[in-house]
Student: 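Got a structure for you, questions after.
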Amino acid sequence: MDPNGYRLETQAIHAGEPSPRIGGAATVPIFQSTVYEQKEGASYHDIVYPRLSNLPNHIVLARKLAVLEGGEDALVTGSGMAAIATSLLAVLGGGGHLLAQDSLYGGTHNFVTEDLKSFGISYDFIDARRPETWGSKLKANTRAIYVEALTNPLLQVADHRAVAAFARQHNLISLIDNTFATAVNFRPLELGFDLSLHSATKYLNGHTDLVAGAVIGRGELVRKVHHLLNHLGGCLEPHGCYLLYRGLRTLVLRVRQQNASARAIAHFLSKHPQVKKVNYPSLESHPQHELAQTLFQGFGGVLSFDLNGGTAAAQRMIQRVRLPIPGPSLGGVETLITRPSQTSHAGMSKADREQLGISDGLIRFSTGIEAPEDLIEDLDQALKD
Ligand SMILES: *Cc1c(COP(=O)(O)O)cnc(C)c1O
């Protein structure tokens, strides 16, 4: 079967499946074994071992993810941070310099600012919305540029076409964290990005019961990351692979529902008298609204907003909602609500948060797959006097 000829929904089910099916099974069974018989004369490279990410459970995921996002190859990892850290080290190891977007996911921010130095790697932050400012940050040893599809929690949009073009022009490897968008909403490899990274903990799995990651992109680079992952050990164990495989098959349906619901909720909130400001790219008030429409098929399930009443009003609202679960994280089937100043960005000083535009009262909302009408009615009652 050539899976590339099919649409995304079909690929999510059929791409990468083993042929013939293993034991005739309609799904790929879990290979819960750490040892596989080795034939006399087999080479080192024929060893099948979970840490080497070469069980049928790893292979089906790699093939499916590569087809879904249009990459030559892919790899699953034990967490999103394993995918990100291993990829950055593989690309920059031995004295490279990195240009990184200035509003990164917290774990990535800490890895870049606290750990890269000890590997002989340096970095500079860039405003990824302003391509004219990047050239002056280049150094002789600059090897890579790193951005996120949509930033957390303000949903800012980098000039992704310019990032891919800048990387090509200056011989850099371009990496993007595509966790917030997924292949359903954004296809960075088709714009020319070299590697697309994911926290599969979020939308790819989608069921809030697994920590995993993924690396998708150019074959030679994915193999380089795979080689390093084999040594660093950040593999995904077979049962985790199975959960991700099961989640992936409904990715397209879930994300489309989340796109539509988040959009409806963002528009409802933007008209509500208690709401000061909503951050979501479908709103005309979003500073990169037009750019976002040319890049994305949908804007995902995450939005954020400030209330007129500030922090006290936000605390009251979080206490009064009935459906959203108060908690960090995002991308699952259940709606979550949180104040980033207390969770994802709690490690940052108040001054640094405010510099970025993250007030203490900012609410982040990760839309699940509940009926949007129920979610809107719930938000409405929580905002009543
Ligand atoms: C959660 C997240 C990560 C880290 O992923 P883990 O699976 O928790 O290691 C990286 N990037 C983004 C955008 C995330 O939301």
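Whatever order the structure lists ligands and atoms in, that order sets their numbers, starting from 1. Keep in mind that this is a model prediction, so the values were computed, not measured.
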Student: Protein N/O near ligand 1 N/O, under 3.5 Å, which pairs?
Tutor:
residue, atom, partner, partner atom, Å
ligand 1, 5 (O), Ser199, OG, 2.9
ligand 1, 7 (O), Gly80, N, 2.9
ligand 1, 7 (O), Ser199, OG, 2.8
ligand 1, 7 (O), Thr201, OG1, 2.6
ligand 1, 9 (O), Gly80, N, 3.0
ligand 1, 9 (O), Met81, N, 2.8
ligand 1, 11 (N), Asp177, OD2, 2.6
ligand 1, 15 (O), Lys202, NZ, 2.7

Student: Any side-chain heavy-atom pair from Glu17 and Tyr245 closer than 4.5 angstrom?
Tutor: yes
Student: Using the test side-chain contact (heavy atoms from CB on, under 4.5 Å), find all partners of Asp102 that sit at least two apart in sequence or belong to another chain.
Tutor: Phe125, Asp127
Student: Please report, to 0.1 Å, the donor-acceptor pairs under 3.5 Å made by any side chain of residues 80-98, with sequence neighbours excluded.
Tutor:
residue, atom, partner, partner atom, Å
Thr86, OG1, Ala82, O, 2.6
Ser87, OG, Ala83, O, 2.6
His97, ND1, Thr142, OG1, 2.8
His97, NE2, Asp124, OD2, 2.9

Student: Side chains of Glu69 and Asn178: does their closest heavy-atom pair fall under 4.5 Å?
Tutor: yes
Student: Given 3.5 Å as the limit, does a donor-acceptor pair link the side chain of Arg263 with the main chain of Ser282, or not?
Tutor: no
Student: Could you list the donor-acceptor pairs under 3.5 angstrom formed between side-chain atoms of residues 219-229 and any protein atom two or more places apart in sequence or on another chain?
Tutor:
residue, atom, partner, partner atom, Å
Glu220, OE1, Arg218, NH2, 3.0
Glu220, OE2, Arg218, NH2, 3.4
His226, NE2, Leu52, O, 2.9

